Amino acid sequence: MRLSRYFLPVLRDVPKEAEIVSHRLMLRAGMIRQQASGLYSWLPLGYKVLMKVQRIIEEEQNRSGAIELLMPTIQSADLWRESGRYEAYGKEMLRIEDRHEREFLYGPTNEEMITDIFRAYVKSYKDLPLNLYHIQWKFRDEVRPRFGTMRSREFLMKDAYSFDLDKDRAVEAYERMFVAYLRTYARMGLTAIPMRADTGPIGGDLSHEFIILADTGESAVFCHRDLLDKPIPSKDLDFRGNLKPIIEDWTSLYAATEEMVDEAAFEAAVPEDKRVSARGIEVGHIFYFGTKYSEPMKASVTGPDGKEVTVHMGSYGIGLTRVVPAIIEASHDEAGIIWPVSVAPFEVELINLKAGDADTDAACDKLYGELAAAGLDVLFDDRDQPAGAKFATADLIGVPYQLILGPRGLKSGEAEIKHRKSGERETLPLAQAVERLK
Ligand code: ATP
Ligand code: MG
Ligand code: MG
Ligand code: MG
């Protein structure tokens with residue numbers, strides 16, 4: 001992508017409504033634009049990151065055995081009356097009436113709808129286990145939308161729903177998601193700690209929130225320091241095998257959010273030098289809630305003995321539009337964002353230090369073509385602007401590698417690579433630049 005032809009509305013000034021660093025950087029880097037309170041457009045650069053996050057989530061969900069589908073954003077009120085949540089959900093729900101005065105709502109979550117799909121088609125225990133997920137926009141009329149897309153009203157969520165014959169098997173489905181979540185966040189460069197959590201209005205009795213530590217986090221969290229550098233299960237893990245030892249390993253160390261913490265238990269379980277008491281961001285949440293929806297909505301299958309069995313369910317959310325700012329909270333410096341390679345909007349930013357100089361233009365064009373041919377997604381800063389401004393933009397938008405070429409380098413046949421994260425610079429023969437970045 002040539003920057004001269006791209007749409008990257010970088011802001012010089014920091015909008016004063018932005019209280020936290022990720023919100024400031026997302027606005028400055030031209031990633032998002034607020035359209036109304038809690039409603040955001042994702043501009044091209046932001047959208048690319050969001051889609052990278054989406055891809056990782058899909059890969060890990062699929063690997064764990066979950067199956068992707070897509071449900072609508074608008075749901076009928078009657079469906080929610082079946083579970084009793086239409087009245088119970090309260091003011092966070094956006095209620096809508098159509099021209100026939102029929103009642104609808106903009107979905108804040110999809111337990112009811114997925115249960116309706118399940119009961120329409122699945123009749124036998126032989127079709128279990130089943131885990132269906134989608135990635136779809138949700139709406140919650142938050143009392144206080146803030147911090148940009150960290151807490152917005154419309155937000156993109158991955159929500160998965162598991163169906164099993166009994167509690168033991170439902171817990172195994174929960175464990176598969178637990179492991180898939182560990183892998184998902186790690187691949188995005190995040191250290192997310194599973195913490196025992198309150199089940200809240202969704203209900204149920206087994207629940208973990210996945211928490212990123214950050215000073216700007218909205219909840220107080222308490223955990224054992226060793227959870228911060230625990231190795232992540234490998235991608236070769238067999239999800240059909242017994243995952244209990246992994247879950248045991250992760251949950252035997254103390255970790256709880258403020259709603260669940262018991263100070264005395266925390267102090268008893270964790271030696272003083274290992275105690276982490278910090279702020280955290282909830283980037284995901286998994287629940288097992290038994291028959292809370294399947295019972296009232298009559299989602300059952302015939303069991304092996306021919307008797308009807310009400311299925312046991314769980315639900316598993318990740319806020320994609322919250323994950324993006326969470327990554328920035330965890331990875332930035334004074335100059336801007338530092339994208340982990342896995343979610344970076346571009347892999348390389350090629351910087352022409354002297355656009356307009358025929359030789360440099362030709363050499364950069366050639367490099368650009370070679371990088372593209374090598375399969376790299378490149379942002380080419382070909383604009384006629386001072387080098388300092390280009391460096392500032394490159395550091396702000398945080399592409400992992402900058403490949404820098406100007407007339408002087410060209411004369412000596414050398415280019416420079418700057419690693420955004422370490423700040424390290426290396427000079428290398430032009431001819432080796434593409435090979436080095438591949
Ligand atoms: P919170 O405690 O932050 O209000 P929640 O517990 O209400 O979140 P869940 O119902 O558990 O949220 O939804 C699953 C995930 O969706 C959350 O873990 C979070 O990542 C994301 N999420 C929830 N509300 C928002 C929001 N307003 N904006 C962005 N992401 C959100
Ligand atoms: Mg909430
Ligand atoms: Mg919560
Ligand atoms: Mg939650």
Side-chain angles (χ1 to χ4, degrees), residues 20 22-23 26 32 34-40 42 46 50 53-54 56-57 61 73 85 88-94 106-112 114 133-161 174 177-178 180-182 184-185 188 190 192-214 216-221 256-260 279-289 292-293 314-330:
I20 62 172
S22 58
H23 189 193
M26 287 176 80
I32 54 168
Q34 182 179 315
Q35 304 296 162
S37 170
L39 301 176
Y40 289 85
W42 284 75
L50 186 62
V53 163
Q54 170 154 337
I56 291 173
I57 292 173
Q61 290 290 295
T73 54
R85 274 209 294 185
Y89 209 91
K91 290 199 161 183
E92 265 192 21
M93 180 185 280
L94 179 64
Y106 194 122
T109 176
N110 283 61
E111 281 80 7
E112 284 80 358
I114 200 77
Y133 76 97
H134 74 160
I135 295 176
Q136 177 62 290
W137 294 91
K138 307 290 186 289
F139 192 95
R140 295 184 188 176
D141 205 351
E142 300 278 351
V143 196
R144 240 188 115 196
R146 58 179 183 160
F147 302 157
T149 66
M150 189 78 87
R151 180 173 298 286
S152 49
R153 295 197 296 168
E154 189 184 37
F155 60 96
L156 190 59
M157 196 208 285
K158 182 285 298 181
D159 37 327
Y161 303 90
Y174 183 92
M177 280 292 122
F178 189 108
Y181 274 44
L182 291 175
T184 302
Y185 297 113
M188 297 170 184
L190 287 172
I193 305 163
M195 301 199 179
R196 289 212 33 165
D198 192 10
T199 49
I202 293 185
D205 58 9
L206 176 58
S207 172
H208 286 87
E209 282 174 5
F210 285 75
I211 302 278
I212 306 294
L213 301 187
T216 50
E218 290 185 288
S219 43
V221 297
T257 60
E258 60 194 325
E259 296 89 32
M260 295 296 280
R279 308 291 302 174
I281 300 169
E282 177 191 334
V283 286
H285 198 164
I286 61 177
F287 297 90
Y288 159 71
F289 47 71
K292 185 178 157 84
Y293 301 94
S315 76
Y316 315 89
I318 297 181
L320 283 77
T321 46
R322 179 177 290 182
V323 160
V324 174
I327 294 170
I328 299 174
E329 289 292 325

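Reckoned from all heavy atoms, side chains included, excluding hydrogens, waters and symmetry mates. Computed from a prediction, not measured in an experiment: that's the story for all the values here. One-based numbering, in listed order, for ligands and for the atoms of each.
A search for ring-ring contact (aromatic ring centres under 6.0 Å, His included) contacts involving Y161 returns nothing, not counting sequence neighbours. Qualifying ring-ring contact (aromatic ring centres under 6.0 Å, His included) partners for F178, counting only residues two or more places apart in sequence or in other chains: H208, F210. Take H23 and apply the side-chain hydrogen bond (donor to acceptor under 3.5 Å, both in side chains) test, not counting sequence neighbours, and it matches no residue.
Of the options R322, M150, E142, R140, the smallest heavy-atom separation from atom 12 (O) of ligand 1 is shown by R140.
For ligand 1, the atoms lying closer than 4.0 Å to a non-hydrogen atom of H285 are 11 (O), 18 (O). Each of the atoms 26 (C), 27 (N), 28 (N) of ligand 1 lies under 4.0 Å from some heavy atom of S152. Heavy-atom contacts of M157 reach the following atoms of ligand 1: 13 (O), 14 (C), 16 (O) (cutoff under 4.0 Å). Residue G284 approaches ligand 1 through these ligand atoms, each under 4.0 Å from one of its heavy atoms: 18 (O), 20 (O). Shown in contact with T149 at under 4.0 Å from a heavy atom are these atoms of ligand 1, numbered in order with element: 29 (C). Residue V283 has at least one heavy-atom neighbour below 4.0 Å for each of these atoms of ligand 1: 18 (O), 20 (O).
Inclusion of R153 in the set of residues having an N or O under 3.5 Å from an N or O of ligand 1 is not warranted. Considering backbone and side-chain N/O atoms, G319 comes within less than 3.5 Å of an N/O atom of ligand 1. Considering backbone and side-chain atoms together, I318 places no N or O closer than 3.5 Å to any N or O of ligand 1. On a distance-only criterion, R151 and ligand 1 share at least one N/O pair closer than 3.5 Å.
Contact annotation: T109 has no heavy atom less than 4.0 Å from any atom of ligand 1.
Side-chain N or O atoms of T149 include none that pairs as donor or acceptor with a backbone N or O of R322 at under 3.5 Å. The main-chain N or O of A197 is never found under 3.5 Å from a side-chain atom of T257 such that the two would form a donor-acceptor pair.
Between H285 and F287, the ring planes lie parallel to each other; the angle is under 30°, not in the 30° to 60° tilted range.
Proximity of E218 to ligand 1, defined as any heavy-atom pair under 4.0 Å, is not found for any part of the residue.
Any protein N/O/S atom under 2.8 Å from the Mg ion (ligand 4) was counted, giving 2 altogether.
A salt bridge is absent between E218 and R144; no separation between the charged side-chain nitrogens and carboxylate oxygens falls under 4.0 Å.
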